[in-house]
Amino acid sequence: MSFAKKIIEWYHEHQRDLPWRNTRDPYKIWLSEIILQQTRVEQGMPYYLRFVERYPDVLSFANASEDDILHLWQGLGYYSRGRNMHKAAGIVRDEYQGEFPKAYDELIKLPGIGEYTAAAISSFSNDEAQAVLDGNVFRVLARYFGIDTPINTPAGKKIFSQLAKENLDRTYPALYNQAIMDFGALQCKPKSPLCQQCELQLDCYAKVNDVIADLPVKIKAKKSRNRYFHYFIIQRDEEILMSKRGASDVWENLYEFPMIETSEALEGMSIAAHQEFLDIFGSEVQLTLLQTNKKHILSHQHIYATFYRLLDPRGLERKKINWNYVLLKDLDKLAKHKLIFSFLETAKL
DNA sequence: AAGTCGGGGTG
DNA sequence: CACCCAGACTT
């Protein structure tokens with residue numbers, strides 16, 4: 001029996017019932033696929049349900065503001081996905097007459113849609129014969145066929161892409177693609193895969209040769225760097241000063257409190273003697289500590305955040321044009337990153 | 001080819 | 001703590 005047939009047979013016994021599998025609507029499939037990029041099904045599920053309810057079609061999505069999209073995306077991470085979705089929806093509205101494309105060659109042109117996502121949408125919505133290649137597929141193919149080329153290199157990408165294409169069931173592309181990903185997620189898991197009860201174990205290179213834990217091979221990521229953020233809670237009446245983050249850094253276009261970054265950790269209130277602080281706020285301010293060294297871990301950096309309350313700042317508006325006072329009652333309408341909204345959940349403002 | 005972009009779960 | 005997740009994009 002072919003590899004594809006075995007995978008599909010396994011799928012018929014073990015498949016998950018997921019909401020985006022009950023539709024052929026390329027828009028809804030697109031929503032699910034973008035949300036699930038580098039994201040577990042359990043984590044993405046509530047976001048998918050909220051997006052489908054709030055934006056039932058691509059036109060309602062395209063006609064929303066980027067701030068609205070990011071707000072609904074809040075907490076999910078990799079926010080460029082939300083920004084790119086908003087751009088893509090606008091293109092579908094303006095250049096595709098609002099009809100979401102199903103063809104791989106059209107999908108691949110849209111921002112935020114790469115090879116994996118184009119293959120997923122085109123196969124799931126229209127049974128186009130495109131093989132998906134995601135983290136699950138890399139792992140399953142590496143183990144079953146015994147491929148030790150690192151998966152996160154151009155050479156590995158090429159080999160696995162070819163292998164995925166060769167093994168695609170061209171009669172049932174959608175079924176096969178769903179099957180191999182579920183197989184990777186549920187059976188051929190990264191850690192402690194369920195080999196003992198696996199119907200494919202006798203044909204699996206890694207199982208037969210006892211190298212399951214060694215496959216797939218992946219080049220180690222670089223160590224993360226430390227950053228030190230200092231946030232200032234600045235209120236007047238029922239308002240609070242907020243800032244929108246700029247480009248080419250984490251959390252682009254999300255809102256947070258005015259802040260200063262330092263290259264090293266600072267003791268106590270020594271931020272008040274920092275040159276950048278003096279340039280912005282001057283020396284005639286009252287500063288109190290609210291929370292120190294809150295650690296926030298991202299993929300490539302460890303951020304240590306300190307929160308201060310700052311009273312009596314003068315002449316700020318002229319210095320920072322991207323800072324604006326926001327009504328406290330409107331604060332939850334802004335798209336904020338985790339560091340900010342988790343602070344707000346515990347803080348008394 | 002390497003770096004960057006989040007947040008959460010697992011062992 | 002290291003590793004991984006229905007990856008894409010920039011440099």
Side-chain angles (χ1 to χ4, degrees), chain A residues 15-16 18-21 29-48 70 73-85 87-88 107-124 130-140 142 150-158 160-161 164 174 176-186 188-193 213 216-225 227 245 247-254 295-303 335-342:
Chain A
Q15 65 174 285
R16 291 177 286 188
L18 303 173
W20 45 87
R21 286 181 174 162
I29 294 169
W30 168 69
L31 275 180
S32 73
E33 290 303 335
I34 304 293
I35 287 172
L36 293 174
Q37 286 170 5
Q38 293 294 286
T39 304
R40 294 165 194 284
V41 165
E42 308 79 57
Q43 188 187 2
M45 179 79 77
Y47 286 85
Y48 172 78
L70 289 178
W73 198 272
Q74 176 173 297
L76 193 54
Y78 282 165
Y79 297 91
S80 66
R81 292 182 290 173
R83 298 193 303 271
N84 281 332
M85 283 180 99
K87 290 179 197 162
L107 291 163
I108 195 74
K109 298 177 188 170
L110 294 172
I113 298 185
E115 292 176 10
Y116 162 76
T117 305
I121 300 174
S122 62
S123 64
F124 298 154
Q130 299 286 349
V132 293
L133 182 54
D134 73 333
N136 291 308
V137 179
F138 272 117
R139 183 172 58 256
V140 171
I151 62 174
N152 53 344
T153 62
K157 187 89 195 303
K158 193 173 176 181
F160 283 95
S161 181
Y176 169 80
N177 280 337
Q178 299 278 20
I180 191 169
M181 287 195 288
D182 251 14
F183 181 77
L186 302 176
C188 196
K189 301 184 293 179
K191 304 288 183 183
S192 44
V217 175
K218 197 170 183 178
I219 306 290
K220 308 269 183 227
K222 209 190 66 172
K223 271 200 61 180
S224 59
R225 62 180 168 135
R227 302 177 73 176
R245 286 186 70 89
S248 25
D249 199 356
V250 288
W251 302 318
E252 177 180 340
N253 289 4
L254 270 65
K295 188 174 183 180
H296 188 73
I297 298 175
L298 305 180
S299 298
H300 295 85
Q301 44 191 297
H302 290 186
I303 293 173
K336 303 167 289 293
H337 54 85
K338 160 108 179 167
L339 202 41
I340 300 302
F341 67 69
S342 65

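First the proteins, then the strands, lettered A, B, ... as listed; each starts at 1.
In the set C:dC1, B:dG3, B:dG6, the nucleotide with an atom closest to the side chain of A:Lys222 is B:dG3. For A:Pro190, the side-chain atoms get nearest to C:dC4 when compared with the rest of C:dA6, B:dG7, C:dC4. Comparing atom distances between the A:Arg139 side chain and each of C:dC4, B:dA1, C:dC1 picks out C:dC4 as nearest. Here the nucleotide nearest the side chain of A:Gln37, chosen from C:dC5, C:dA6, C:dG7, is C:dG7. Residue A:Gln38 has its side chain nearest to C:dG7 when only B:dA1, C:dG7, C:dA6 are considered. Checking C:dC4, B:dC5, C:dC1 against every side-chain atom of A:His302, the shortest atom distance belongs to C:dC1. Each of B:dC5, B:dG6, C:dG7 was ranked by its minimum atom distance to the side chain of A:His300; first place goes to B:dC5. For A:Tyr78, taking side-chain heavy atoms from C-beta onward, the closest of the listed nucleotides C:dC3, B:dG6, C:dA8 is B:dG6.
Closest-nucleotide positions on DNA chain C for A:Ile113 and A:Ser32 were compared, and the one nearer the 5' end corresponds to A:Ser32. Nearest-nucleotide assignment on DNA chain B puts the 5′-proximal partner with A:Ile219, out of A:Ile219 and A:Arg227.
For the pair A:Asn253/A:Tyr79, no side-chain contact is recorded, criterion being any heavy-atom separation below 4.5 Å from C-beta on. Contact annotation: the side chain of A:Lys336 never approaches that of A:Leu254 to less than 4.5 Å [non-hydrogen atoms, C-beta and beyond].
Distance A:Lys223 NZ to C:dC1 C1': 11 Å, rounded to the nearest Å. Taking atom NE2 of A:His337 as the reference point, atom C1' of B:dG6 lies 11 Å away to the nearest angstrom. Spacing between atom CD of A:Glu252 and atom P of C:dC9 amounts to 14 Å, rounded to whole angstrom units. Rounded to an integer number of Å, the gap from CD1 of A:Ile108 to C1' of C:dG7 is 11 Å. One can place CG of A:Leu70 at 16 Å from P of B:dC5, the figure rounded to the nearest angstrom. Taking atom CD1 of A:Ile180 as the reference point, atom P of C:dA6 lies 13 Å away to the nearest angstrom. Computed from coordinates, the A:Ile34 CD1 to B:dG7 P distance equals 18 Å when rounded to whole Å. In this structure, A:Arg81 places its CZ atom 10 Å from C1' of C:dC5, rounding to the nearest Å.
Between B:dG8 and C:dA8, the distance separating the two P atoms is 22 Å to the nearest Å. One P atom belongs to C:dA6, the other to B:dG3, and the distance between them is 25 Å to the nearest Å.
Taking the six-membered ring for Trp and thresholds of 30 and 60 degrees, A:His296 and A:Trp251 have ring planes inclined between 30 and 60 degrees apart.
One can find a donor-acceptor pair under 3.5 Å joining the base of B:dG6 and the side-chain atoms of A:Thr39. The base of C:dG7 is not paired with the side chain of A:Thr117 by any donor and acceptor separated by under 3.5 Å.
Formation of a donor-acceptor pair under 3.5 Å by the A:Arg81 side chain with backbone atoms of A:Gly112 is not found in this model. In this structure, A:Arg16 contributes its side chain and A:Leu186 its backbone to no donor-acceptor pair below 3.5 Å.
Residues A:Thr117 and A:Gln37 bring a donor and an acceptor atom of their side chains to less than 3.5 Å of each other. A side-chain donor from one of A:Gln178 and A:Arg21 sits under 3.5 Å from a side-chain acceptor of the other.
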Report each atom pair, protein N/O against N/O of nucleotides 8-11 of chain B, whose distance is under 3.5 angstrom.
{"unit_1": "B:dG8", "atom_1": "OP2", "unit_2": "A:Lys338", "atom_2": "NZ", "d": "3.2"}
{"unit_1": "B:dG8", "atom_1": "N2", "unit_2": "A:Arg40", "atom_2": "NE", "d": "3.0"}
{"unit_1": "B:dG8", "atom_1": "N2", "unit_2": "A:Arg40", "atom_2": "NH2", "d": "2.7"}

Give every donor-acceptor pair under 3.5 Å between a side-chain atom in residues 29-36 of chain A and any protein atom, sequence neighbours left out.
{"unit_1": "A:Ser32", "atom_1": "OG", "unit_2": "A:Ile29", "atom_2": "O", "d": "2.7"}
{"unit_1": "A:Glu33", "atom_1": "OE1", "unit_2": "A:Tyr116", "atom_2": "OH", "d": "2.7"}

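Of the side-chain N and O atoms in A:Arg16, none sit less than 4.0 angstrom from OP1 or OP2 of C:dA6. Within the structure, a side-chain polar atom (N or O) of A:Tyr79 is placed less than 4.0 Å from OP1 or OP2 of B:dG7. Applying the 4.0 Å criterion to OP1 and OP2 of C:dA6, one finds that A:Trp30 has every side-chain N and O outside that range.
Within 4.0 Å (heavy atoms only), A:Leu339 reaches no atom of the nucleic acid at all. When heavy atoms are screened at a 4.0 angstrom cut-off, A:Gln301 is found touching the sugar-phosphate backbone but no base atom. Residue contacts shown for A:Trp73 are absent, as no nucleic acid heavy atom lies under 4.0 Å away. Within the 4.0 angstrom heavy-atom criterion, only backbone atoms of the sugar-phosphate kind lie near A:Asp249; the bases stay farther away.
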Next on the checklist: side chain to side chain contact (heavy atoms under 4.5 Å, CB included) for A:Lys222 and A:His300? Distances and angles first, verdict last.
Outcome noted: CA-CA 8 Å; A:Lys222 209 190 66 172; A:His300 295 85; 5.9 Å; no

